[in-house]
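For the numbers below, each heavy atom of this structure counts, side chains included, while hydrogens, waters and symmetry mates do not. Predicted model only: the values in this text are computed from it and were never measured. One-based numbering, in listed order, for ligands and for the atoms of each. Numbering starts at 1 and runs along the sequence shown.
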Amino acid sequence: MKPTENKKVLDFVEKSAELAQPDEIVWIDGSEAQTAELKAKAVKSGELIKLNEKLLPDCYLHRTKVNDVARVEDRTFICTKKREDAGPINYWMDPKQAYELTSEIARGSMKGKTMYVIPYSMGVVGSDFAKIGIEVTDSVYVVLNMNIMTRVGNACLKALGKDGDFIKGFHASCDIDAEKRYIMHFPEDDTIISVNSAYGGNVLLGKKCFALRIASYLGRTEGWMAEHMLILGVTFPDGEKKYVAAAFPSACGKTNLAMLIPPEHYLKKGYKVECVGDDIAWIRVGKDGRLWAVNPENGFFGVAPGTNEHSNYNALQSTKRGTIFTNVALNTDDMTVWWEGLTKELPQHVIDWTGKPWNPEKFDKKDKSTCAAHPNSRFTAPAKNCPCVSPDFDSLTGVPLSAIIFGGRRASTTPLVFESRDWNHGVFIGSAMSSETTAAAAGATGVLRHDPMAMKPFAGYHMGDYFAHWIEMGKKVKNPPKIFNVNWFRQDKDGNFMWPGFGDNMRVLEWILKRCDGKVGAEETAIGFVPRAEDIDLSEMDYEISAGHPFGIEDLKEILKVDKSLWADEAKEIEGYYKGTIKDRIPAELWDCLETLKNNCK
Ligand code: OXD
Ligand code: MN
């Protein structure tokens, strides 16, 4: 029996089945019994490897094909009727052509297979923020991951009722042929089509495809925002709680910041940090004139390498049960998982992410091809596992934002932290963000690229219009959050990181939140307000920049410095990006900010 009478849902499922021709259709109901059955099926087929039940209960390992390990930005399209509406930095395809092309590829591709229908909600079912999607897929791996990452099952169909609208998602694994891989978005039709991939970011359609690309488009038309941001809450010793949202490009530490453990002396004073979300924020203007945010996801799709007890204890704990690992290494001594950075000692009996025995003697930190785990290997872990998950995680109203933080990976130029002069200047700072590329997307790593608001790969429409939407939102908020920029990645001339990052970022967060309350001063510089070094708490700091060089106030001064000549170059670079890449639709307010920056750096 079909679990819904919603004709639009039934039509979508029928049309998808007509095209892909599966042998059977299974509706995902969200029950534990069905989930257990699917896990057993995936283990039997070899899609999942069951891990040690004692050490990692209900955890599994999955390996993708070696040609399918990251998001593929050059095969990700925004298919609007008018090319210019997708803008200059999205790949565009005519919708008719895109439908024809993907239909051709997907036709008959589920023969002999099961098509699963996943009703899911981004956001708590029934909240004002929540939106429903239906994803059809031929992959059990996708079903099981969506089950962790979103709220899945009959409750979503019930919320949809007989006539409710939803985002249609069609995923067919086909032959995982990289040449025929397409991730298509039709924002004007509320539709996503993904073929020939089985990597998370390309196929868990609720995540980047819906919650960012389609949702950013919806947000613009409906007056809200979908952002690539973590959300965290800080509780002060007096019990007051404040929330912050922060946008960093992929694999730049959003999960680490979202789950930060403050240094010991902060904990002793009673500070607490709680995680509301690690990747995506949906933000609306509340009745009180503040911005309110929810995390529409229900789990973490985090980068595994580098995660360990010290770097991110909370993330590691989150992966201890009910987790699906993708492309990490398998430790055959005890059927647990391993990745570079998990332990100092290298395990001796390991199968690498491609399924081959790994030779620890050949491991060379600097050569990614010798790694046991893929650099973009991931864990899909339920948010409720996280020891510091916020009690507001399931809040229907979301949390009010005191600050928005932008950041990127910059070896030079950008100071540890600075504050914008006002909302529009903050939008300018976000629009001018650039960062060194990481393994989260296919292509070279370590190359500096512009990534406005960390949304370069995720804005579902013209980037100039997206900037204008930010400016418009600023006009609607009576009490806007203050906007900051941070850079945890400054390097000295020998390439050593000058700031410890991780838990010590609390010191910067404290300054930021004090600024929001007007409790601390700052120095006005050419680029905005920068802390006075003595206003950042450096007590009990334990970091050596390099051998015999413990971090001190002089180092802090160095990474707070604003070098006008570097910023004059940066202004030229931003101007080149605006004029040469975005080209049009950039709001006048941002050109004014650029002019001010140029003048300030003369
Ligand atoms: C992610 C990404 O997976 O940004 O979150 O690539
Ligand atoms: Mn992300």
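Here the protein heavy atom with the shortest distance to atom 5 (O) of ligand 1 is Lys208 NZ, 2.9 Å. Looking only at protein heavy atoms, the nearest one to atom 3 (O) of ligand 1 is Arg378 NH1, 2.9 Å.
The existence of a salt bridge linking Asp279 and Lys207 is confirmed by a sub-4.0 Å separation between a basic side-chain nitrogen and an acidic carboxylate oxygen.
Using a 30° and 60° split on the angle between ring planes, Trp339 and Phe379 fall in the tilted class, from 30° to 60°. The aromatic rings of Phe489 and Phe497 sit perpendicular, their planes meeting at an angle over 60°, well past the 30° parallel limit.
Cation-pi check for Arg213 over Phe458 is not met; the charged atom does not lie both under 6.0 angstrom from the ring centroid and within 45 degrees of its normal.
Neither the backbone nor the side chain of Phe248 comes within contact range of ligand 1; no heavy atom lies under 4.0 Å.
Restricting Asp279 to its N, O or S atoms, the one at the least distance from the Mn ion (ligand 2) is OD1.
Look at Lys208 and the Mn ion (ligand 2): an N/O/S atom of the residue is under 2.8 Å from the metal.
Under 3.5 Å, the side chains of Arg71 and Ser250 contain a donor-acceptor pair of N or O atoms. The closest side-chain donor-acceptor pair between Asn505 and Arg507, if any, does not fall under 3.5 angstrom.
The distance from ligand 1 to the heavy atoms of Arg71 drops below 4.0 Å at these ligand atoms: 2 (C), 4 (O), 6 (O). Atoms of ligand 1 found under 4.0 Å from any heavy atom of Phe458 (numbered from 1 in listed order, with element): 4 (O). Interface of His228 with ligand 1, defined as ligand atoms under 4.0 Å from a residue heavy atom, comprises 4 (O).
Backbone and side-chain nitrogen or oxygen atoms of Asp279 are examined, and one is located within less than 3.5 angstrom of a nitrogen or oxygen of ligand 1.
Scanning Ala454, Gly302, Ser250, Pro457 for the heavy atom closest to atom 2 (C) of ligand 1 points to Ser250.
Side-chain rings of Trp353 and Trp338 stay apart, their centers remaining 6.0 Å or farther from each other.
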